[in-house]
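Written out below as structure tokens is the structure these notes cover.
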Amino acid sequence: MNIPFLSFAPQHDPIREEVLAAIAGVYDKQWYVLGDQVKAFEAAYAAFNEVNHCVGVANGLDALHLALLALNVGPGDEVLVPSNTYIATWLAISFVGATPVAVEPNTATYNIDPRRMEAAITPKTKGIMSVHLYGQACEMTAIMEVAQRYGLWVVEDNAQAQGAAWQGQMTGSFGHVNGTSFYPGKNLGALGDAGAVTTNDEILGAKFARCAITALSKSTTTRL
Ligand SMILES: Cc1ncc(COP(=O)(O)O)c(C=O)c1O
């Protein structure tokens, strides 16, 4: 028996005609960067994720990188990050020249353990990146409480958990900024690379929108 290593057919086949018709619509309209379809998706994803602002970007790593740029994180800053995560979470921090400080997981979930955060906080700590791994929500109430007590921001990496919730609230709606990935294998997978940043903050939302309009997310060196 030949079992394919990877097959999208079971999830894609039922919507094949709908997807191909949508692609044909984009093709015919000849608006191949941003445009109405991206705007409609951003609005739909913001509503689904229960946040006020969503901006589509090239991939999940860009989303996390842009989140840190928008929060003015840079050299000399420390960011708490799970020791157990996909490498993009750490790369976003090193891309802006800041220092990732590892926090060990809760072994019941393998997500970052808020009880181990305080020991990792120093005067240089600026924020926390929490990552919801394998569709399981981090303990967001405790994480937001630590952040508030120390005046830190929180960026949620929701790449592996679209549609998950912590105590009835959607993951990706707690953080000051949230990054997500629509890589084909994710819960919500694109036909190619894609990602989004979301926020409830008006000023940050406007920054991301400006960034998308000028397509700055293509450049990993450009400051917001
Ligand atoms: C937890 C996590 N964060 C970030 C990313 C990066 O997303 P992308 O591959 O779209 O850059 C991934 C992708 O696998 C991920 O699993």
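Numbering starts at 1 and runs along the sequence shown. Treat the numbers as computed from the prediction; the structure is a model and nothing was measured. Order of appearance sets the numbers: ligands from 1, and atoms from 1 within every ligand.
Side-chain contact annotation: Glu145 with Thr141, donor-acceptor N/O pair under 3.5 Å absent. Ser83 and Glu104 form a side-chain donor-acceptor contact under 3.5 Å, judged by distance and modelled atom types alone. No hydrogens or angles considered: nothing links the side chains of Gln160 and His132 as a donor-acceptor pair under 3.5 Å. Between Tyr110 and Gln136, the side chains place no donor N or O within less than 3.5 Å of an acceptor N or O (distance only, hydrogens not considered). Side chain to side chain, Asn158 and Thr171 meet the donor-acceptor criterion of an N or O pair below 3.5 Å.
Of the polar atoms of Leu64, none of the N or O atoms is found under 3.5 Å from an N or O of ligand 1, judged by distance alone. At a 3.5 angstrom cut-off on N or O pairs, Ser181 counts as close to ligand 1. For ligand 1, the polar-atom distance check finds no N/O of Phe182 at less than 3.5 Å from any of the ligand's N/O atoms.
Proximity of Asp157 to ligand 1, defined as any heavy-atom pair under 4.0 Å, is confined to the side chain (atoms from C-beta onward).
How far CG of Asn72 is from CH2 of Trp153: 10.5 Å, rounded to the nearest 0.5 Å.
Taking a cut-off of under 4.0 Å to the non-hydrogen atoms of Gln160, the atoms of ligand 1 that pass are 1 (C), 16 (O). The contact set between ligand 1 and Val131, taken as ligand atoms under 4.0 Å from a residue heavy atom, comprises 1 (C). Ligand-side atoms of ligand 1 in range of Ala88: 4 (C), 5 (C), 6 (C), range being under 4.0 angstrom from any heavy atom. Close approach of ligand 1 to Asn59 (heavy-atom distance below 4.0 Å) involves ligand atoms 10 (O), 11 (O).
Of the protein's non-hydrogen atoms, the one nearest atom 12 (C) of ligand 1 is Tyr86 CD2, 3.3 Å. The nearest protein atom to atom 13 (C) of ligand 1, hydrogens excluded, is given as Lys186 NZ, 2.9 Å; this is a heavy-atom distance. What sits closest to atom 11 (O) of ligand 1 on the protein, heavy atoms only, is Leu61 N, 2.9 Å. The single protein non-hydrogen atom nearest to atom 8 (P) of ligand 1 is Gly60 N, 3.4 Å, given as residue, atom name and distance.
Under a 4.0 angstrom heavy-atom cut-off, His132 registers as lying outside contact with ligand 1.
No close placement of the Phe48 and Phe41 rings is indicated, their centers lying 6.0 Å or farther apart.
Using a 4.5 Å heavy-atom cutoff, the side chains of Tyr45 and Leu188 are in contact. You'll find the side chain of Val177 reaches within 4.5 Å of the side chain of Leu71, heavy atoms only.
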